[in-house]
Amino acid sequence: MSMSSDVMARPTLRLADIVNAISDALDLTAGQPAGHSLRCGWIGMHIGSVQACPMPPSPIFITPSF
């Protein structure tokens with residue numbers, strides 16, 4: 001019995017989803033509102049771009065609040 005490729009397709013998990021889940025867990029344990037860590041990272045990246053700082057070589061530095 002063969003199954004179609006639609007049934008056998010594995011769900012995809014994006015890095016953004018993983019970072020979001022970790023960020024939400026960090027916010028929860030720190031007593032912060034949901035999305036606090038992501039907002040801090042976004043603000044930090046925009047401050048850096050306004051100050052003409054070079055972009056980091058790795059996406060791990062996108063959320064400096066970790």
Side-chain angles (χ1 to χ4, degrees):
M1 178 178 200
S2 66
M3 302 190 99
S4 70
S5 61
D6 292 337
V7 175
M8 298 297 291
R10 295 190 316 188
T12 58
L13 185 59
R14 300 178 310 160
L15 179 60
D17 295 332
I18 295 170
V19 171
N20 189 29
I22 293 170
S23 173
D24 286 344
L26 175 67
D27 293 339
L28 178 65
T29 59
Q32 299 294 334
H36 175 76
S37 296
L38 290 176
R39 283 189 299 275
C40 289
W42 183 83
I43 290 167
M45 291 300 292
H46 282 275
I47 289 172
S49 67
V50 168
Q51 296 294 323
C53 294
M55 289 297 286
S58 172
I60 194 72
F61 297 108
I62 290 176
T63 53
S65 60
F66 282 159

side-chain contact (heavy atoms from CB on, under 4.5 Å) with Asn20: which of Ile18, Asp24, Ile22? Asp24
Quick test of your reading: applying salt bridge (Lys or Arg N to Asp or Glu O under 4.0 Å), list the pairs with at least one residue in residues 12-22, sequence neighbours left out, ordered by first then second residue. Arg14-Asp17
Same apolar cluster (I L V M F W Y, side chains within < 4.5 Å links), Val50/Ile43: no
Over all heavy atoms of both residues, which pair between Ser23 and Leu38 is shortest? Give the atoms and the distance, please. OG-CG, 3.5 Å
Ignoring hydrogens, what is the shortest heavy-atom contact between Arg39 and Ala34? Give both atom names and the distance. NH1-O, 3.4 Å
Salt bridge (Lys or Arg N to Asp or Glu O under 4.0 Å) contacts in which one or both residues fall within residues 25-34, not counting sequence neighbours: none
